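Okay, structure first, notes after.
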Amino acid sequence: MAKTASVILTQNLSDTKRTTSFNHSANDDEIPTIDYSMLICSNDPDQRLKALQYLAYVCKEYGFFYLVNHGVPDSVIERALNGISDFFNLTEEEKMDYEKKDSTDRIRWGLGFSPGDHEAVKREYLKVLPHPKFEGPAKPAGFREALEDYYQRDREVIINLAKAVSKTLGFEENYLEKEFELETGADVSAMNVYPLGFKPNTQIGLPAHYDPGYLVSLVQNVNGGLQLNYKQKWINVDMPSNALFINIGDHVEVLTNGKYKSPMHRVILNNEVRRVSVATVHGPSLDTFVKPGPEFVGESHPPAYRGMIYKDSLEANGYHEIDGKSCIAQLRL
Ligand SMILES: O=C(O)CCC(=O)C(=O)O
Ligand SMILES: [Fe+2]
């Protein structure tokens, strides 16, 4: 009889002996910090301008940053993370109600494996679609409400950040909202938990990939594991506990014809504490045709990406099945 995902999970999580000779350690170089309160809320125009100029530099140079003073209450983030942890603690039978049957399921639970090894679970995830219409799991009690609260606050921050990013590109603040038709923007959120018991820095929890969408936000209960690729080197994410981690998504890279790039990242199994994360991909509306904007194309800058309807590019990417092929590789000309 075929083993169910949950049987494999139980077997794997109790297996503490797997090691390989890989070393996936990384540097602790600085990751830039953007102060949201200065960028968005400051009454001092000079301060706002300076913050905007720094954001322009960070988007072009890095494509990822810590966002502090964002105004999402710690309690909202904590309740969501605790709810996620409680969801993953449900019995396997209960979680099977949400087992992924199709990539378009609105709620889907599943396991991530090592490439080519369907015994070694490296990640357990739950994916939901927070926008335009949120639906969350009915259990455990209070989880859906905690998630809804978090996604609402997170999206407010991201929309304001999209306005600031529009300005860094030299446009009026609604540029990205209009280009990507964000009123009906399609957000996908992956909640992840990574298994314990592997020798640190030897195992990949989530293989190197790029995220679709325009901006991606991430919160976690503990540092350790997420690494960003910067100038061909891996850097450890080591963020203040109340920060959001933000990265540029593939579709801003396409729209700006490569001016702002979507950074490659991965997760290494590293922790003695169980690590839970929420990565929310904020995307254009599903019907939006995303192509390099005419302002970013010229004789010296021929289009470097093909245009594609957002939904089609997600399908090409297995609906944010990030263990599969990145859509950016398929969009590059
Ligand atoms: O768990 C993490 O830290 C990263 C997750 C991630 O990159 C994703 O879900 O796309
Ligand atoms: Fe990712």
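Positions are given from 1, in the same order as the sequence printed here. Since we're looking at a predicted model, the values are computed, not measured. First listed ligand is number 1; within each ligand, the first listed atom is number 1.
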Electrostatic pair Glu183-Lys178, nearest N-O below 4.0 angstrom: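 Not counted as a salt bridge, because no side-chain N and carboxylate O are separated by less than 4.0 Å.
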Sidechain N-carboxylate O distance under 4.0 Å for Lys139, Asp86: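 No, no charged N to carboxylate O under 4.0 Å.
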Ligand 1 contact by [X], heavy-atom criterion under 4.0 angstrom:
X      : result
Arg275 : yes
Tyr125 : no
Arg266 : no

Ligand 1 atoms in contact with [X] (distance to a heavy atom under 4.0 Å):
X      : value
Val267 : 1 (O), 2 (C), 3 (O), 4 (C)
Ala190 : 9 (O)
Leu206 : 5 (C), 6 (C), 7 (O), 8 (C)
Tyr194 : 1 (O), 2 (C), 4 (C), 5 (C)
Leu218 : 2 (C), 3 (O), 4 (C)
His265 : 7 (O)

Below the 3.5 angstrom mark, is there an N/O of Ser277, backbone or side chain, next to an N/O of ligand 1?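 Among all N and O atoms of Ser277, at least one is under 3.5 Å from an N or O of ligand 1.
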Can you tell which part of Asp211 has a heavy atom less than 4.0 Å from ligand 1: side chain, backbone, both or neither?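 The side chain, only.
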Location of contacts on His209 toward ligand 1, heavy atoms closer than 4.0 Å: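 For His209, only side-chain atoms sit under 4.0 Å from ligand 1.
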I want to check a possible cation-pi pair here: Lys231 against Tyr62, using under 6.0 Å from ring centre and within 45° of the ring axis as the test.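 No, cation not above the ring by the 6.0 Å, 45° rule.
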Would you name the N/O/S atom of Asp211 that lies closest to the Fe ion (ligand 2)?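 The nearest such atom is OD1.
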Group every Ile, Leu, Val, Met, Phe, Trp and Tyr by side-chain heavy-atom contacts under 4.5 Å, then state whether Ile31 and Met38 land in the same group.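 No, it is not one cluster - the side chains of Ile31 and Met38 are not joined through contacts under 4.5 Å.
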Without hydrogens or angle criteria, can the side chains of [X] and [Y] be said to hold a donor-acceptor pair below 3.5 Å?
X      : Y      : result
His70  : Asp154 : no
Glu181 : Thr288 : yes
Asp74  : Asn242 : no

Pick, from Val278, Val193, Asn192, Val276, the option with the minimum heavy-atom distance to atom 5 (C) of ligand 1.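 Looking at heavy atoms only, Asn192 sits closest to atom 5 (C) of ligand 1.
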Transitive ILVMFWY cluster of Ile309, excluding itself - 4.5 Å side-chain cut-off: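 Cluster partners of Ile309: Phe289.
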Are the aromatic ring centres of Tyr310 and His251 under 6.0 angstrom apart?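 Yes: the rings meet the under 6.0 Å criterion.
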